[in-house]
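Accompanying notes for the structure given below.
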Amino acid sequence: MLARYSEPGGDGRLTLELAAEGGEVIAQETVEAATLTHNQTFTFRFPIQKESAGRSYTLTLRGDPANTVTAWGYDLDAYAGGALTVAGLDPGLATTQAQDLRLLTRYQLTFDLALARLGESLRQNGGLLALALTVLVVPGCLLLLAGRRAPFRLANCWVWWGIALAAGVAAWPIVWLWLTTLGGRWNNRLLWLVWAAGWVGAFYLWRRLRKQGSKGAGKQ
């Protein structure tokens, strides 16, 4: 956040520069001080740093002698991971009490990083996600099989499972509501019992429909 300590005018310039460890300049931008306003939020953009974790960067704000713009800072150490250094102060002026610049940092999640995060999440919680999926889908399977709809054809298999998942997600809140309305209470044991009974029932309905389909084909 920028601050102006005198009226705009002249041809002063403010330069922002970001450097990595070792002094490598990543980005640099120079703007006319006359185009900047007091309390303006200035956005400084630079290329994506894919390997930035654990690395140190130096942001430098530098003005020429005619510059009339500076930046707001905090008089407390708001960011413990960094440090503010002020150079070139006029000896006749009081030293600044700022310990950190007032700034916000943002990051961009790239496609390869998103895939890596997704893979890490699946590695850590893949089993729980698969188990949750089997819990969500079981009411939908029972509803479809009770309605004599079974995934016997490979072409319709994925559509069937998609409908079963949607129906299961819609059915669970109703099941949860009526159980609590009737005075019941969910616990781990009851949930496991419902899960097991649901899949046993779905397997039984699936086998019965399969046998009926085989008998119908035999009669033809």
Sequence neighbours left out, what pairs pass salt bridge (charged side-chain N to carboxylate O under 4.0 Å, His left out) with at least one residue falling in residues 52-66? E17-R62
Can you tell me how far apart CG (L16) and CD (E29) are? Round to the nearest 0.5 Å. 6.5 Å
Among residues at least two apart in sequence or on other chains, which ones pass side-chain hydrogen bond (donor to acceptor under 3.5 Å, both in side chains) with N39? W72
Co-members of L76 in a cluster of I, L, V, M, F, W and Y side chains, linked at under 4.5 Å: none
Please enumerate all residues that pass salt bridge (charged side-chain N to carboxylate O under 4.0 Å, His left out) together with R207, with sequence neighbours excluded. none
For Y74, the hydrophobic cluster (side chain heavy atoms closer than 4.5 Å, chained through members) also holds none
By salt bridge (charged side-chain N to carboxylate O under 4.0 Å, His left out), which residues pair with R189, not counting sequence neighbours? none
Please tabulate, one pair per line, all N/O donor-acceptor pairs under 3.5 Å involving side-chain atoms of residues 127-139, not counting sequence neighbours.
unit_1, atom_1, unit_2, atom_2, d
T134, OG1, L131, O, 2.6
T134, OG1, W195, NE1, 3.1

With sequence neighbours excluded, tell me which residues meet ring pair (Phe, Tyr, Trp, His ring centres under 6.0 Å) with W186. W172, W176
R13 backbone acceptor or donor facing E32 side chain under 3.5 Å: no
When clusters are formed from ILVMFWY side-chain contacts under 4.5 Å, directly or step by step, what else is grouped with L143? none
Using every non-hydrogen atom in the two residues, find where C141 and W161 come nearest and quote the distance to one decimal. SG-CZ3, 3.5 Å
Linking directly or through intermediates, with side-chain heavy atoms under 4.5 Å: list the remaining ILVMFWY members grouped with F111, chain and number order. L115
Only pairs at least two apart or in different chains count here, so list each side-chain hydrogen bond (donor to acceptor under 3.5 Å, both in side chains) that has a residue in residues 111-123. T110-D112, E120-R123, E120-Q124
Only counting residues at least two apart or in another chain, list the ones meeting side-chain hydrogen bond (donor to acceptor under 3.5 Å, both in side chains) with T15. T30
With side-chain contact (heavy atoms from CB on, under 4.5 Å) as the test, would you mind laying out the steps for L61 and T70 before giving the verdict? CA-CA 8 Å; L61 278 68; T70 183; over 6 Å; no
Going from OG1 on T41 to CG on L2, what distance comes out if it is rounded to the nearest 0.5 angstrom? 8.0 Å
For the backbone of A33 and the side chain of R4, can you confirm whether one donor and one acceptor N or O come within less than 3.5 Å of each other? yes
